[in-house]
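Down below is the structure, laid out as structure tokens.
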Amino acid sequence: MCMHPTSTRFSLVILLGVVLTASGQQASPHKQIEALVDHYSAEYAQASKAIWEYAELGYHEEKSSALLQRHLQEAGFRVEPGVADEPTAFIATYGQGSPIIGILGEFDALPGLSQAAVPDRNPLAAAAPGHGCGHNLLGSGAALAAVALKEYMENNRVAGTLRYYGTPAEEGGDGKVYMVRAGLFRDVDVVLHWHPADRNAVMNGGALAITSAKFLFHGIAAHAAFAPERGRSALDAVMLMGTGVEFMREHVPSNTRIHYIVSNGGAAPNVVPDTAELFLYARSPSLDTLDGIWGRIVKIGQGATMMTETTLDVKILGSDNNIVANDALAKVAQKNMEEVGGFRYTAEEKHFAEELQKSLPPGGAGDPGSTASVEPLRPFDPNQPAASTDVGDVSWNVPTIGFIAATFVPGVVPHTWQAAACAGMSIGQKGMLVAAKALAVTGADLFSNPQLIQDAKKDFARQLAGKTYKSEIPSGQKPPLDYRF
């Protein structure tokens, strides 16, 4: 017999697989599941810390993927590794028959964001990867939810199939897009997901559609001083393309985002570069709008070749859709998130938060007490800052709903060293438990309520009426396993 504290006002006891209240009565399904999450929390907090330490880049998350596979297999899931031509992708399955509910997990890190779990900039290794988006928590928290829900299903003889999708390379590698193309979501009824953030809320739709590509220009090399007239500079073409994109910014919707780097600028200043490359991302609230913007970007590149007498190869690397909302699922998710609630900082965690917030820009820090609250349900506002994710492509194929949980100190945004610091310590792990509970209890509602699934499918059809799923990634293109290298 083990006793486990929960966020409720009464203690729960797990006795021979049955969750009881302190008075000896069987707890409600949600309280049973929350108690199971607490029961396994230490194990998955440790897993999240191990993945944080591995900090592996997209499609190369060998240790991270293997760790989660091992945990899920030991918990009674059937594991299928290496799906969709992605060595670190996998599916873990429990049960059989309908309904089929999926939970998404990610585990890739970001380049250059190595960081110790301390409130000041302190890389563990110079220029090394780090979990600045908290995917160490995302993958582990989703697995924790799956394990707790599986045990609840087993204890209560709940019919249906539960799947955990281990999805690699979310950060620009589009792992889920290739899994969608491989038909791995074709029979799923509903998909649940979550993401680390600095607050607790339900994600009903949102994110920006994105297309990314490398624009590789080819010119003619020459001695830059002795015979410059013989050269045709590929770098000139890159610079002119960048200038053209900057002028275009005035003439695109205000919620469009365009960002790029010069990924190859030549070999030496005294050699006219015969190759140079621009690596560019473009984002917009819908892929249809982005298509027109992208066409103009390509024309700018073509114009640069005309001005420099160079040639151009465009290689599409990735493309993600926006996330499709589902109002039927959102209502249930919001109710469950409010029921689970947030958490409060210890004195030590509050000190960490206050010290870390000193590194944020003026006005960027929020109230640490906000981690105990849940934001009201709001529709996605495309005029507010937003990121992109390959969850969008899943949501165009399966009814999907998501959560965000306060794993970061209020005011901290993803893709920063501050986020990586939070993701490696107790603040991140506490937020992970909130997400795991919200995912697991929502999954239980779906298994127990066929009408909820039908309502979700009806709203899914309404949201996509007259629309067709598409991807800008060329048909037949394989996952870009070395896109980070």
Side-chain angles (χ1 to χ4, degrees), residues 98-104 160-163 165 167 176-177 179-181 183-195 201-211 253 255-256 283-292 319-339 374-384 386-404 438-439 441-472:
S98 296
I100 301 174
I101 307 301
I103 300 177
L104 303 181
T161 303
L162 174 62
R163 287 186 191 153
Y165 287 85
T167 68
K176 297 180 193 64
V177 178
M179 296 174 81
V180 167
R181 288 187 173 188
L184 301 183
F185 295 93
R186 190 173 294 135
D187 59 348
V188 181
D189 291 291
V190 172
V191 163
L192 306 175
H193 68 101
W194 82 282
H195 200 282
V202 170
M203 293 174 60
N204 187 27
L208 300 175
I210 182 173
T211 299
N255 45 20
T256 298
R283 311 180 197 239
S284 197
S286 78
L287 199 57
D288 285 340
T289 302
L290 184 56
D291 279 348
S319 177
D320 299 333
N321 272 276
N322 57 295
I323 298 178
V324 177
N326 195 290
D327 294 340
L329 292 173
K331 293 176 183 177
V332 176
Q334 182 71 21
K335 177 180 69 67
N336 289 338
M337 188 60 145
E338 291 175 359
E339 179 184 302
V374 177
E375 291 193 352
L377 186 62
R378 298 187 184 96
F380 171 65
D381 182 355
N383 294 308
Q384 292 298 315
S388 306
T389 173
D390 54 9
V391 174
D393 289 72
V394 176
S395 76
W396 277 76
N397 290 272
V398 186
T400 302
I401 195 66
F403 302 90
I404 56 174
L439 287 168
V441 299
T442 303
D445 288 345
L446 291 163
F447 279 115
S448 65
N449 187 352
Q451 186 59 50
L452 176 56
I453 293 175
Q454 291 306 311
D455 291 346
K457 290 182 175 181
K458 186 182 298 184
D459 196 72
F460 177 72
R462 180 183 66 82
Q463 298 277 2
L464 292 182
K467 302 175 183 177
T468 303
Y469 170 69
K470 63 180 179 180
S471 172
E472 296 300 319

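Residues that satisfy the side-chain hydrogen bond (donor to acceptor under 3.5 Å, both in side chains) test with T161, not counting sequence neighbours, are absent from this structure. For H195, the ring pair (Phe, Tyr, Trp, His ring centres under 6.0 Å) partners two or more places apart in sequence, or in a different chain, are H135. A search for salt bridge (Lys or Arg N to Asp or Glu O under 4.0 Å) contacts involving E375 returns R199, R378, not counting sequence neighbours. The side chain to side chain contact (heavy atoms under 4.5 Å, CB included) search around R181 returns V177, S471, I473, not counting sequence neighbours. With sequence neighbours left out, the side chain to side chain contact (heavy atoms under 4.5 Å, CB included) criterion links V180 to F185, V394, N397, Y469. Residues that satisfy the salt bridge (Lys or Arg N to Asp or Glu O under 4.0 Å) test with D327, not counting sequence neighbours, are R462. Under the rule for a side-chain hydrogen bond (donor to acceptor under 3.5 Å, both in side chains), K467 has no partner lying at least two apart in sequence or in another chain. Listed by chain and number, the residues in a salt bridge (Lys or Arg N to Asp or Glu O under 4.0 Å) with D288 are K470 (sequence neighbours excluded). Here A333 pairs with V202, I401, F403 under the side chain to side chain contact (heavy atoms under 4.5 Å, CB included) rule; sequence neighbours left out. Applying the side chain to side chain contact (heavy atoms under 4.5 Å, CB included) rule to P450 yields no partners; only residues at least two apart in sequence or on another chain are considered.
Residues T442 and N336 have side chains that bring a donor and an acceptor to within less than 3.5 angstrom of each other.
Identified under the salt bridge (charged side-chain N to carboxylate O under 4.0 Å, His left out) test for residues 387-404, with sequence neighbours left out: K176-D390. The salt bridge (charged side-chain N to carboxylate O under 4.0 Å, His left out) analysis of residues 443-456, with sequence neighbours excluded, yields no pairs.
Within 6.0 Å of NZ on K331 lie no more than 12 heavy atoms contributed by other residues, nucleotides or ligands.
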